[in-house]
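Single-structure report; data block below.
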Amino acid sequence: VMPYRHLLVVLAYVVATLAAQGTSHFALNAEHYASVGFFRPDPIVAFGITSMIIQGGVCAYLYPRLVGDGSTMLRALTFAWTIGAILVSYIAIALAGEYRIPSVSGWMVVEGTAGIAQFTIFGILLGLIYRRG
């Protein structure tokens, strides 16, 4: 695997996550997150970035081994949505069962929608990075 592609995939994951989750948390659904009592008023952004780099690194490692070079956009999206299903199902469903969230259905919709957006953006970027030709 070419190192530049690995770095591009990590960067793509960070960009997709910041675009979808950042927009959700700090713009579109800021009121929703403010209503959930367990969030820090001033999040530790470095922890979030570190998590994104780790997750992006795992995706960068797995993708060429599971899907291969010259993959199609559909295969890239399928990979991203599969990874997303693992992460988003935990965040949208399991956490809703663990924490005192004011609106469980609201939580599931907000987290599910942001997650679908995040992994769709990531899948498109991944497809562009690994496109044939």
Side-chain angles (χ1 to χ4, degrees):
V1 178
M2 293 189 241
Y4 77 91
R5 273 195 175 159
H6 185 89
L7 293 174
L8 283 176
V9 172
V10 173
L11 180 61
Y13 187 86
V14 171
V15 166
T17 303
L18 286 173
Q21 298 294 341
T23 301
S24 178
H25 279 71
F26 302 112
L28 297 177
N29 299 302
E31 204 172 290
H32 164 78
Y33 288 105
S35 75
V36 180
F38 59 81
F39 283 110
R40 292 176 177 273
D42 298 311
I44 303 171
V45 176
F47 287 6
I49 300 292
T50 300
S51 175
M52 289 178 227
I53 291 169
I54 292 167
Q55 292 167 3
V58 170
C59 290
Y61 174 81
L62 289 175
Y63 188 76
R65 285 160 180 80
L66 297 176
V67 179
D69 276 349
S71 65
T72 64
M73 184 63 70
L74 181 58
R75 290 181 81 184
L77 281 165
T78 300
F79 173 84
W81 289 332
T82 302
I83 295 295
I86 294 167
L87 293 171
V88 176
S89 67
Y90 172 73
I91 293 166
I93 300 169
L95 291 183
E98 293 178 26
Y99 297 118
R100 292 183 189 174
I101 297 169
S103 170
V104 170
S105 61
W107 174 270
M108 290 176 151
V109 168
V110 167
E111 293 301 328
T113 303
I116 290 168
Q118 173 188 352
F119 286 96
T120 299
I121 294 166
F122 175 58
I124 292 168
L125 295 174
L126 189 60
L128 292 173
I129 292 167
Y130 275 92
R131 70 182 175 264
R132 291 185 180 138

Rounded distance (nearest 0.5 Å) linking atom CG of L18 with atom OH of Y13 | 10.5 Å
N/O donor-acceptor pair under 3.5 Å between T23 side chain and A20 backbone | no
Applying ring pair (Phe, Tyr, Trp, His ring centres under 6.0 Å), name anything that partners Y90, two or more places apart in sequence or on another chain.
-> none
Which pair of non-hydrogen atoms, one from G123 and one from A76, has the smallest distance, and what is that distance?
-> O-CB, 3.5 Å
Say you draw a straight line from CG of L125 to CG of L11; how long is it, rounded to the nearest 0.5 Å?
-> 8.5 Å
Does L77 share a hydrophobic cluster with L128, counting links as ILVMFWY side-chain heavy atoms below 4.5 Å and allowing steps through other members?
-> yes
I121 CD1 to Q21 CD distance, which is reported to the nearest 0.5 Å = 9.5 Å
Hey, what else clusters with I44 if you join Ile, Leu, Val, Met, Phe, Trp, Tyr whenever side-chain heavy atoms sit under 4.5 Å?
-> F47
Can you find a pair of side-chain heavy atoms, one from V9 and one from Y63, that are under 4.5 Å apart?
-> no
With a cut-off of 3.5 Å and sequence neighbours excluded, list every side-chain donor-acceptor pair involving residues 104-115.
| unit_1 | atom_1 | unit_2 | atom_2 | d |
| --- | --- | --- | --- | --- |
| W107 | NE1 | I91 | O | 2.9 |
| E111 | OE2 | Y33 | OH | 2.5 |
| T113 | OG1 | V109 | O | 2.7 |

R75 versus V67, closest heavy-atom pair with distance | NH2-O, 3.5 Å
The side chain to side chain contact (heavy atoms under 4.5 Å, CB included) partners of L8 (sequence neighbours excluded) come to Y4, I129
How long is the gap from CG on L126 to CZ on R131, to the nearest 0.5 Å?
-> 12.0 Å
Any link between L87 and V15 through a network of hydrophobic side chains (Ile, Leu, Val, Met, Phe, Trp, Tyr) touching at under 4.5 Å?
-> no
In short, C59 meets F122 closest at the heavy-atom pair CB-CZ, 3.8 Å
Might you confirm whether atom CD of E98 has over 12 heavy atoms from other residues, nucleotides or ligands at distances under 6.0 Å?
-> yes
Under the side chain to side chain contact (heavy atoms under 4.5 Å, CB included) test, residues paired with L74 that sit two or more places apart = T72, T78
For the residue pair T50 and A46, what are the closest heavy atoms and their distance?
-> OG1-O, 2.7 Å
Considering all heavy atoms of both residues, which atom of V14 and which atom of M52 are nearest to each other, and what is their separation?
-> CG2-CB, 3.9 Å
Who passes side chain to side chain contact (heavy atoms under 4.5 Å, CB included) against L62, sequence neighbours left out?
-> V58, L66, F79, I83
CD (Q118) and CD1 (I116) are apart, to the nearest 0.5 Å, by 11.0 Å
